[in-house]
Amino acid sequence: ALVGLAVFLCPMTQGEACPSSCSCESLGEARGLLVDCSSRRLRAVPALPPDTRILYLHNNNLTSVPVGALDLLPTLERVEMFGNPWHCDCHILYLKLWLQDFSAASLAKIRCASPAALRMKPLGKLTGNELGRCKRLLLPIKCLEFFWRDLVLIAGTIIALILVAWALKLSKKLVCQLNFSQFGRRGRLLRGNFPKNY
């Protein structure tokens, strides 16, 4: 009975916990949450509840968003991110591409704060050349793990095929080397008619 009462009084599960730096408001039963993290001086995007439907991250100190940080919000319908000092280099590319797919209106509100050459330019209007090149790939770690695993599997398959081909060639030579001496005179005649490399 006590466990039931605790579940009734605390309906949020551990996965739905509101970040301490934000405030969360239920939008109704099974409708998700409004997560308000605006004007909190945040320097990084906090861990967000998966049932976030509306997300306010505007007027903070965010300069970039880590790759994949917004991909785990399947019910998200609206996001506001303007008013942050975005640093527009290759590390902002994830946010740009994500917002292009999610909300062109939200992307249009985002302006670069740095570097100086891009100050106050809209993020959505920047080209790949303006964003610069990164020294390392912006791939999630899981992608890199799949790449190396696949590379090892391909190399192993090639080595196995080479060994099988070599074994087949060797077995063909063994089969073709007949011991003609056991056939008597007929074997000697046959052996004389075969090329030396047989």
Side-chain angles (χ1 to χ4, degrees), residues 9-148:
L9 292 175
C10 304
M12 283 186 139
T13 64
Q14 190 174 358
E16 297 170 337
C18 188
S20 59
S21 55
C22 307
S23 64
C24 297
E25 179 185 328
S26 176
L27 296 172
E29 192 172 329
R31 292 232 36 224
L33 297 172
L34 183 155
V35 180
D36 187 356
C37 303
S38 62
S39 304
R40 309 290 171 110
R41 299 180 182 169
L42 297 178
R43 294 184 174 275
V45 177
L48 299 165
D51 61 343
T52 301
R53 191 167 293 265
I54 299 173
L55 176 61
Y56 295 142
L57 283 168
H58 54 280
N59 299 329
N60 281 297
N61 294 322
L62 301 174
T63 57
S64 66
V65 174
V67 174
L70 302 171
D71 295 337
L72 301 175
L73 304 174
T75 62
L76 192 64
E77 290 181 354
R78 181 178 170 198
V79 64
E80 296 294 347
M81 296 183 153
F82 62 88
N84 285 291
W86 299 109
H87 182 68
C88 295
D89 65 358
C90 63
H91 298 287
I92 200 84
L93 186 59
Y94 164 75
L95 179 63
K96 181 186 178 197
L97 296 175
W98 187 86
L99 282 172
Q100 279 176 346
D101 289 340
F102 181 78
S103 172
S106 294
L107 178 59
K109 296 177 187 176
I110 294 181
R111 298 193 178 274
C112 301
S114 59
L118 301 177
R119 186 170 175 75
M120 295 309 295
K121 284 196 176 183
L123 176 61
K125 304 272 183 183
L126 297 183
T127 64
N129 290 337
E130 290 175 302
L131 292 174
R133 294 183 182 173
C134 277
K135 292 181 181 177
R136 61 186 180 85
L137 292 173
L138 291 174
L139 293 173
I141 291 172
K142 288 183 180 178
C143 290
L144 292 174
E145 287 173 358
F146 282 124
F147 171 75
W148 288 113

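Note that these values count all heavy atoms, side chains included, but never hydrogens, waters or copies made by symmetry. Starting from 1, each residue takes its place in the sequence as its number.
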Give a yes or no on whether the backbone of S38 and the side-chain of R40 come within a donor-acceptor separation of less than 3.5 Å.
yes

Could you give the distance from CG (L33) to OG (S23), rounded to the nearest 0.5 Å?
10.5 Å

State the NZ-SG distance between K96 and C90, to the nearest 0.5 angstrom.
12.5 Å

Please name the pair of heavy atoms, one in A47 and one in P19, separated by the smallest distance, quoted to 0.1 Å.
O-CG, 3.2 Å

Salt bridge E80-K109, side-chain N to carboxylate O under 4.0 Å
yes

Classify the ring geometry of Y56 against H58: parallel below 30°, tilted from 30° to 60°, perpendicular beyond 60°.
perpendicular

Is there a side-chain contact between L123 and C88, using heavy atoms and a 4.5 Å cut-off?
yes

Nearest 0.5 Å please: distance from the CG atom of L73 over to the OG1 atom of T75.
7.0 Å

Can you give me the closest heavy-atom contact between L27 and R53, atom names plus distance?
CD1-CB, 3.8 Å

Derivation and outcome, side chain to side chain contact (heavy atoms under 4.5 Å, CB included), residues D36 and E25:
CA-CA 8 Å; D36 187 356; E25 179 185 328; over 6 Å; no

Without swapping roles, check the side chain of T52 against the backbone of L55 for a donor-acceptor pair under 3.5 Å.
no

Of the non-hydrogen atoms in P50 and P74, which two are nearest, and what is the gap between them?
O-CD, 3.5 Å

Ignoring hydrogens and angles, tell me if any N or O in the side chain of W86 forms a donor-acceptor pair with the backbone of M81 under 3.5 Å.
yes

Please determine which of L57, N84, L70 meets the side chain to side chain contact (heavy atoms under 4.5 Å, CB included) test together with V65.
L70

Residue set satisfying side-chain hydrogen bond (donor to acceptor under 3.5 Å, both in side chains) with R111, at least two apart, ordered chain then number -> none

At what distance, to the nearest 0.5 angstrom, does CG of N60 lie from CZ of F82?
10.5 Å

W98/V79 under side chain to side chain contact (heavy atoms under 4.5 Å, CB included): CA gap, chis, key distance, verdict
CA-CA 11 Å; W98 187 86; V79 64; 4.0 Å; yes

Any side-chain heavy-atom pair of H87 and I92 under 4.5 Å
no

Quick check: closest heavy atoms across V35 and C24, and the distance to 0.1 Å?
CG2-SG, 3.9 Å

Provide the closest heavy-atom pair for K125 versus E130 in the form atom of the first, atom of the second, distance.
O-OE1, 4.0 Å

Look up atom CZ in F102 and atom CZ in R78, then write down how far apart they are to the nearest 0.5 Å.
10.0 Å

Nearest-0.5 Å distance that lies between atom CG in D51 and atom CZ in R31:
12.0 Å

